[in-house]
K.L.:
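The structure that follows is given in the form of structure tokens.
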Amino acid sequence: MRNPTTKSRLRSFIRCLVLGLVLLWSLAALALVAARWVDPPTTAVHMQRRVQAWIHNTPYRERYRFIPLSQISPDLQHAVVAAEDTRFYQHHGFDWQQIQIAAQEDIEGERTRGASTITQQVVKNLFFGTGRSVLRKGAEVTLVPVAELVLGKRRILEIYLNVVEWGPAIYGADSACRYYYATTARNIGLDQSARLAAILPAPLKRRPERMNNYSVIILKRMHQMGW
């Protein structure tokens with residue numbers, strides 16, 4: 001009996017790696033199917049922040065409450081779409097024109113919106129956290145069409161508004177409204193909605209009261225979109 005050659009061992013390793021990746025992708029796809037009816041109890045971003053707080057031995061009091069889209073002010077819904085993904089209702093998960101605009105704004109140092117669509121951000125929040133890698137991006141690209149197919153626009157927006165990070169340990173529209181303005185997501189006003197939407201690209205650094213310029217831009221976009 002001969003020992004396995006290096007080549008056969010490499011083939012076995014690659015086979016196991018591929019099977020493992022396929023299994024993980026399948027589990028993520030099934031989780032997206034389940035998310036059509038089941039509200040996510042947590043996300044990769046939430047878990048990442050908990051681990052970071054534990055590592056750095058810093059206080060961590062998570063604010064997270066999932067509420068139906070009907071309990072979130074239309075002003076806040078529209079402000080977030082205008083800020084993060086103006087073609088949300090037209091594209092099928094990817095908006096290459098929007099990505100190009102964001103890239104140009106990065107070059108010019110005038111970034112005012114995220115490069116990813118809301119659907120991409122939902123997938124990233126649920127499964128991948130804030131880290132960046134080619135492997136993660138590849139998995140995200142393949143899961144976005146699944147999310148669009150099984151969830152639909154209304155549910156995607158509902159999940160996004162409820163799980164997105166709005167500040168240190170602040171997740172979701174209702175938690176953000178209560179924390180920053182001592183009101184509910186249902187009762188948040190137009191100007192306050194624009195200011196909250198303005199902090200989404202950098203929620204750990206920005207604060208609503210400082211978003212004078214960008215909130216005006218968001219309000220203008222909302223007006224242009226018929227809101």
Side-chain angles (χ1 to χ4, degrees), residues 35-36 39-40 43 45 63-102 105 110-126 144 147-148 151-167 170-203 206-227:
R36 182 168 182 172
D39 300 334
T43 72
V45 172
R63 296 173 174 85
Y64 175 49
R65 178 170 175 258
F66 201 107
I67 61 174
L69 192 63
S70 59
Q71 294 182 20
I72 300 176
S73 163
D75 285 337
L76 184 54
Q77 295 180 39
H78 297 159
V80 169
V81 171
E84 294 289 284
D85 189 357
T86 54
R87 287 171 42 82
F88 174 66
Y89 293 106
Q90 284 76 49
H91 65 64
H92 300 289
F94 301 99
D95 187 350
W96 303 112
Q97 180 182 3
Q98 185 73 7
I99 293 172
Q100 189 175 20
I101 291 173
E105 289 178 344
E110 298 178 356
R111 178 74 167 270
T112 58
R113 69 183 80 179
S116 300
T117 64
I118 286 176
T119 311
Q120 288 175 271
Q121 292 184 61
V122 165
V123 170
K124 183 172 68 175
N125 269 268
L126 290 177
V144 164
E148 286 276 334
L151 296 177
K153 294 294 186 182
R154 179 177 176 83
R155 181 59 171 168
I156 289 171
L157 182 61
E158 182 175 66
I159 292 174
Y160 179 73
L161 288 171
N162 276 286
V163 305
V164 69
E165 191 173 33
W166 244 301
I170 303 168
Y171 305 103
D174 198 59
S175 297
C177 292
R178 292 177 185 274
Y179 180 80
Y180 290 113
Y181 294 113
T183 188
T184 64
R186 185 196 295 272
N187 296 320
I188 196 75
L190 179 60
D191 181 69
Q192 294 170 331
S193 295
R195 289 177 177 275
L196 284 176
I199 69 176
L200 286 176
R206 298 182 179 182
R207 291 294 178 268
E209 64 272 13
R210 302 173 187 168
M211 294 294 102
N212 297 330
N213 294 334
Y214 188 23
S215 64
V216 171
I217 293 174
I218 292 172
L219 290 171
K220 288 180 179 178
R221 286 183 196 159
M222 294 171 67
H223 179 74
Q224 292 168 354
M225 297 170 73
W227 292 329

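A quick note: this is a predicted structure, and the numbers were derived from the prediction, not measured.
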K.L.:
Assess the side chains of Ser116 and Gln121: does a donor N or O sit below 3.5 Å from an acceptor N or O?
P.N.:
no
K.L.:
Using the rule given for side chain to side chain contact (heavy atoms under 4.5 Å, CB included), can you reason through Val163 versus Val122, listing the C-alpha separation, both sets of side-chain angles and the distance that settles it, and then say yes or no?
P.N.:
CA-CA 8 Å; Val163 305; Val122 165; 5.7 Å; no
K.L.:
Measure up the Tyr171 and Tyr64 rings against each other and bin them: parallel (under 30°), tilted (30 to 60°), perpendicular (over 60°).
P.N.:
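Rings of Tyr171 and Tyr64: perpendicular, as their planes differ by over 60°.
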K.L.:
Ala79 and Ser193: which non-hydrogen atoms are nearest, and at how many Å?
P.N.:
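Nearest heavy atoms, Ala79 then Ser193: CB-O, 3.7 Å.
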K.L.:
Taking all heavy atoms of Cys177 and all of Ala185, pick out the closest pair and write down the distance.
P.N.:
SG-CA, 3.6 Å
K.L.:
Going from CD1 on Ile156 to OG1 on Thr119, what distance comes out if it is rounded to the nearest 0.5 angstrom?
P.N.:
4.0 Å
K.L.:
Could you tell me whether the side chain of Glu165 and the main chain of Pro203 form a donor-acceptor pair under 3.5 Å?
P.N.:
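Such a contact is absent between Glu165 side chain and Pro203 backbone.
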K.L.:
Quick check for you: to the nearest 0.5 Å, what is the distance between Thr86 atom OG1 and Ile118 atom CD1?
P.N.:
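That separation rounds to 9.5 Å.
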K.L.:
Under a 3.5 Å distance rule, please check whether Thr117 uses its side chain to pair with a backbone N or O of Gly93 as donor and acceptor.
P.N.:
yes
K.L.:
Are Arg186 and Ser70 packed together at the side-chain level, in the sense that at least one heavy-atom pair is separated by less than 4.5 angstrom?
P.N.:
no
K.L.:
Keeping the roles fixed (side chain from Arg155, backbone from Ala35), state whether a donor-acceptor pair exists under 3.5 Å.
P.N.:
yes
K.L.:
If I take atom OG1 from residue Thr43 and atom NZ from residue Lys124, how far apart are they, to the nearest 0.5 angstrom?
P.N.:
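Output value for this atom pair is 11.5 Å.
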K.L.:
For the residue pair Arg195 / Asn212, report whether a side-chain donor-acceptor contact shorter than 3.5 Å exists.
P.N.:
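The criterion, which ignores hydrogens and geometry beyond distance, is satisfied for Arg195 and Asn212.
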K.L.:
Atom CG of Leu161 and atom CH2 of Trp166: how far apart are they, to the nearest 0.5 Å?
P.N.:
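Here the interatomic distance stands at 5.5 Å.
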K.L.:
Is any side-chain heavy atom of Arg178 closer than 4.5 Å to a side-chain heavy atom of Arg63?
P.N.:
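A side-chain contact is absent here, since even the closest heavy-atom pair is not under 4.5 Å.
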K.L.:
Between Asp174 and Thr184 (side chain of the first, backbone of the second, donor and acceptor by atom type, cut-off under 3.5 Å), is there such a pair?
P.N.:
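Side chain of Asp174 to backbone of Thr184: no pair is present.
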K.L.:
Heavy-atom distance under 4.5 Å between the side chains of Leu157 and Gln77, does that happen here?
P.N.:
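In short, these two side chains touch, coming nearer than 4.5 Å.
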K.L.:
Would Lys153 count as a cation-pi partner of Tyr89, with NZ or CZ less than 6.0 Å from the six-membered ring centre and within 45° of the ring normal?
P.N.:
no
K.L.:
Quick one: CD on Glu158 to CG on Asp39, what's the gap to the nearest 0.5 Å?
P.N.:
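It comes to 6.5 Å.
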K.L.:
Is the shortest side-chain heavy-atom distance between Asn213 and Ile217 below 4.5 Å?
P.N.:
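Sidechains of Ile217 and Asn213: no contact.
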K.L.:
So how far is it from Leu151 CG to Ile159 CD1, rounded to the nearest 0.5 Å?
P.N.:
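Those atoms lie 5.0 Å apart.
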K.L.:
Side chain of Asp75, backbone of Gly189: donor and acceptor closer than 3.5 Å?
P.N.:
no
K.L.:
Kindly indicate whether the side chain of Met225, heavy atoms from C-beta on, has any atom under 4.5 Å from the side chain of Val81.
P.N.:
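Side-chain contact under 4.5 Å: yes.
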K.L.:
Any side-chain heavy-atom pair from Val123 and Gln120 closer than 4.5 angstrom?
P.N.:
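Not touching, per the 4.5 Å side-chain cut-off.
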K.L.:
Can you find a heavy atom in the side chain of Asn125 that is under 4.5 Å from one in the side chain of Pro40?
P.N.:
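No, their side chains stay 4.5 Å or more apart.
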K.L.:
So which heavy atom on Gly167 is nearest to which on Tyr180, and how close?
P.N.:
CA-OH, 3.8 Å
K.L.:
Is it the case that more than 12 heavy atoms not belonging to Phe66 sit under 6.0 Å from its CZ atom?
P.N.:
yes
K.L.:
Minimum heavy-atom separation for Ile72 and Leu76, please, with both atom names.
P.N.:
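Heavy atoms of Ile72 and Leu76 come nearest at CG2-CD2, 4.0 Å.
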K.L.:
Taking all heavy atoms of Met211 and all of Arg207, pick out the closest pair and write down the distance.
P.N.:
CG-O, 3.4 Å
K.L.:
Do Arg206 and Pro201 make a side-chain contact, defined as non-hydrogen atoms from C-beta onward lying under 4.5 Å apart?
P.N.:
yes
